4 protein chains.
Amino acid sequence: MPKPTASTDRRQQLVEAAFDEIAANGFEGLRTRAVARAVGIDHSTVHHHFATKADLIAAVVDHAIAPFRTGKPLTGSPAEQLRDHLNLLVRLMRERPRLFIVLRELDLRATRDDNIRAILAERDNRWRDTTTTLFRQPGWHSDTDPEAAAELVIAAVKGASFAPDPDRAAAAIDELLRLLTPREERP
Amino acid sequence: MPKPTASTDRRQQLVEAAFDEIAANGFEGLRTRAVARAVGIDHSTVHHHFATKADLIAAVVDHAIAPFRTGKPLTGSPAEQLRDHLNLLVRLMRERPRLFIVLRELDLRATRDDNIRAILAERDNRWRDTTTTLFRQPGWHSDTDPEAAAELVIAAVKGASFAPDPDRAAAAIDELLRLLTPREERP
Amino acid sequence: MPKPTASTDRRQQLVEAAFDEIAANGFEGLRTRAVARAVGIDHSTVHHHFATKADLIAAVVDHAIAPFRTGKPLTGSPAEQLRDHLNLLVRLMRERPRLFIVLRELDLRATRDDNIRAILAERDNRWRDTTTTLFRQPGWHSDTDPEAAAELVIAAVKGASFAPDPDRAAAAIDELLRLLTPREERP
Amino acid sequence: MPKPTASTDRRQQLVEAAFDEIAANGFEGLRTRAVARAVGIDHSTVHHHFATKADLIAAVVDHAIAPFRTGKPLTGSPAEQLRDHLNLLVRLMRERPRLFIVLRELDLRATRDDNIRAILAERDNRWRDTTTTLFRQPGWHSDTDPEAAAELVIAAVKGASFAPDPDRAAAAIDELLRLLTPREERP
DNA sequence: CATGAATGAGATTTCATTCAT
DNA sequence: TATGAATGAAATCTCATTCAT
């Protein structure tokens, strides 16, 4: 078990502090000074660890999408897989609301930042592929269009993160799950 | 028919220019100088029309949600009303993509701007109420939860505006419409 | 006679202040803050008149080589023309020592600044051409190589500006003039 | 034969790297980090060898004027001595152009740096004395002013290093040599 | 000797806002 | 209404230097 170096620690601290700043004040409100202050170092020292603000942001992006990278493969029937997938997301929305705030910020910033767009597009493509594949399996309503259903899932999840509270977000996603689940598999 | 004063024209010009700037560069990229340049006046003059940048932004917010205020009442069966409502939104997404870009920006900024949050919350509440009322009418699946369905509609529409192209957004909304429409009313 | 606008005045003031700064502290020591302070305005206002520091420097370069642009045509015999030319330079060295300090700085900076190099190269080429042409006229020692003589004149003048005092610079240039002047035209 | 310690080697390496940096980017572009990188050590370590940047620069100055310190005494007639002296300089200009770039930088910086000025003034005084003494010897034109001639030699050599290429520099110095050489000794 | 984290002073540049004309 | 000069706060980034290891 390699002991993390001081450097790694500090970098991680900075990334987390920047994450918190974005969650609190948005990308627009991200200030290297504030990040440094949160960690307790001089603002110029931030540049010792991240040459530019963009480098720091890139690390934050990595950090923010990490929870979605390490997803363990889903198991069970297609409907069970969808249920597990959406339930996981709902649970994350409840447990880590700030993560979804940051993701919203990232999605918006991606519009005008090529680096972020590339990273998020990759994540979305993977998400889209997985979900489309899921809906291509047998067991859904015969008139379900796999690609359209996948778009709907993605849109609903992203949009739910704008809900004024997690309960409303969860209600929206639960309703979506109910609608997509074939009648005979509903609880 | 009152002829608009030059002043009124100028204000409107500024609002539209600011709208365009936000669509192009985001809130973060909104510069009063750029707005002034787009209109062809000196940047100081903007302050004759809008005391502060926040005032200009408030006017842009009003301008952006105007298309949703003047909605004529829906008619027909509940399913027809939902169909008309969502089709209108899809058509807007196709015809005025920049409007939805700006709305996305507004939704995000609302997180940290009380004025914007108030305006958008009002719009969302009206939207939520109308949609919930719609789902309270008879004719839906017996297990449809009106409030959850309304949340889902709102989430899906908001999330669809993050789709990489209008076709995908339309596919998601069409799929949602299909899922919500009772089997016997589907085309 | 057009009355100079306030803007022109301020720009001119800034250029002269920057010139003085360079004479005093070199290009390396040129600070927009110091220039602003010398003129009595806030340092950010400098950017109202010159978008970037490079723009300000470009204006200083123009200002510095202006005395060499408006040279009236030389008259008389070739030897008299050379004498007048060098005497003019010696007089300038005595009367405006800071001008030559700045020119030295410019010559050095030209090594690494394309814009400055272009401007100075143009000046040097004109100077070289004029002087070569001068030495191509009849009346010089038969073994004078016009191009080499022109190079020597330019080198000596530039090098003389490194002399510890104007008298030494003048002595060098006078000696050069004596050496180049045909014996029969010497006083 | 004392084997140089590692420390001595490192110091020398650093001085040469700093010399190279100045030749490439000027004094203004001299960065201790870049020097350290060129040598392959951490930038903090530079301070183990040179307490401050000024100390490093002082060593570079010494290194730059070394070629002029170890000049072996000139022999032959005065005209031959001048010829050998100038030919040596011309050869150096061709073989070590970067040396003259650095010397130019030094001469300029001397204007505002007391330490450098002192070192260079000493070199110039020695140069001036030697050259004046040379012109005081019999064999020159009767109207040659030894001190003025020495100033001219120094000015021309310094100025020649601003020539756009070594050929032009050489042409200027050769022409000077020709002009100074008594007619009866010219080849 | 060497490293790397940290510092702090300072530099340019941006931008909303104010004010006199 | 409109202009443009001016302001001042703030932001990112640079770099020589110091210090603990």
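Quick note on labels: first sequence line is chain A, next is B, and so on, each numbered from 1. For clarity, every value in this text was computed on a predicted model and none was experimentally measured. No hydrogens, no waters, no symmetry mates; every other heavy atom, side chains included, goes into these values.
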Novice: Regarding Thr32(C), tell me which of base, sugar-phosphate or nothing describes its non-hydrogen contacts under 4.0 Å with the strands shown.
Specialist: sugar-phosphate

Novice: Of all residues at least two apart in sequence or in a different chain, which pass the ring pair (Phe, Tyr, Trp, His ring centres under 6.0 Å) check with Phe27(C)?
Specialist: none

Novice: Are Arg10(B) and dA2(F) close enough that a side-chain N or O sits under 4.0 Å from OP1 or OP2?
Specialist: yes

Novice: Looking at every heavy atom in both Leu99(D) and Ala64(D), which two are closest together, and how far apart are they?
Specialist: CD1-O, 3.3 Å

Novice: Once you apply a heavy-atom cut-off of 4.0 Å, does Leu30(B) come out as touching a base, just sugar-phosphate, or nothing?
Specialist: sugar-phosphate

Novice: Between the main-chain N or O of Asn25(C) and the side-chain N or O of Arg112(D), is there a donor-acceptor pair closer than 3.5 Å?
Specialist: yes

Novice: Does dA5(E) have OP1 or OP2 sitting under 4.0 Å from an N or O in the side chain of His48(A)?
Specialist: yes

Novice: I need the residues from residues 14-28 of chain D with at least one non-hydrogen atom less than 4.0 Å from DNA chain F; give them sorted by number, or say none.
Specialist: none

Novice: Please determine whether side chain to side chain contact (heavy atoms under 4.5 Å, CB included) holds for the pair Ile41(C) and Arg10(C), giving the CA-CA distance in whole Å, both sets of side-chain angles, and the decisive distance to 0.1 Å.
Specialist: CA-CA 10 Å; Ile41(C) 61 175; Arg10(C) 204 24 70 86; 2.8 Å; yes

Novice: Would you mind reading off the distance between Phe50(B) atom CZ and dT17(E) atom C1', rounded to a whole angstrom?
Specialist: 16 Å

Novice: Does Arg123(C) reach the side chain of Ile119(C), with side-chain heavy atoms less than 4.5 Å apart?
Specialist: no

Novice: Return the value, rounded to whole Å, for the distance between atom CZ of Arg31(C) and atom P of dT12(E).
Specialist: 6 Å

Novice: May I ask you to verify if any side-chain N or O of Arg33(D) is less than 4.0 angstrom from the OP1 or OP2 atom of dC15(F)?
Specialist: no

Novice: In Å and rounded to the nearest 0.5 Å, what is the CZ to CD distance from Arg98(C) to Glu105(C)?
Specialist: 13.0 Å

Novice: Looking at Arg11(D) and Asp55(D), is there a salt bridge between them, counting it only when a charged N and a carboxylate O are closer than 4.0 Å?
Specialist: no

Novice: Roughly how many Å is it from NZ in Lys53(B) to P in dT14(E), rounded to a whole number?
Specialist: 15 Å

Novice: Specify whether Phe100(B) and Phe68(B) have parallel, tilted or perpendicular ring planes, treating 30° as the upper limit for parallel and 60° as the lower limit for perpendicular.
Specialist: perpendicular

Novice: Are Thr45(A) and dT7(E) close enough that a side-chain N or O sits under 4.0 Å from OP1 or OP2?
Specialist: yes

Novice: Measure across Val46(C) and Ala36(C) and return the closest heavy-atom pair with its distance rounded to 0.1 Å.
Specialist: CG2-CB, 3.6 Å

Novice: May I ask you to evaluate whether His47(D) reaches the phosphate of dC1(E), defined as a side-chain N or O under 4.0 Å from OP1 or OP2?
Specialist: no

Novice: Yes or no on side chain to side chain donor-acceptor pair (under 3.5 Å) for Thr111(A) and Arg104(B), after CA distance, side-chain angles and deciding distance?
Specialist: CA-CA 11 Å; Thr111(A) 316; Arg104(B) 254 165 48 183; 2.8 Å; yes

Novice: How many Å lie between NE2 on His49(A) and C1' on dC13(F), as a whole number?
Specialist: 15 Å

Novice: More 5' along DNA chain F: Val46(B) or Ser44(A), using each one's nearest nucleotide?
Specialist: Val46(B)

Novice: Which residues, if any, of residues 35-43 of chain B bring a heavy atom under 4.0 Å of DNA chain F?
Specialist: Ile41(B), Asp42(B)

Novice: Holding to side-chain contact (heavy atoms from CB on, under 4.5 Å), I want the full list of residues that pass it with Arg117(C), two or more places apart in sequence or in another chain.
Specialist: Ala110(C), Asp114(C)

Novice: Arg31(A): which residues meet the side-chain contact (heavy atoms from CB on, under 4.5 Å) condition with it, sequence neighbours left out?
Specialist: Ala34(A), Lys53(A)

Novice: Under 3.5 Å for both distances, Watson-Crick or G-U wobble, that's the pair rule; now give the dot-bracket for DNA chain E, with | marking pairs to another strand and [ ] for crossing ones.
Specialist: .||||||||||||||||||||

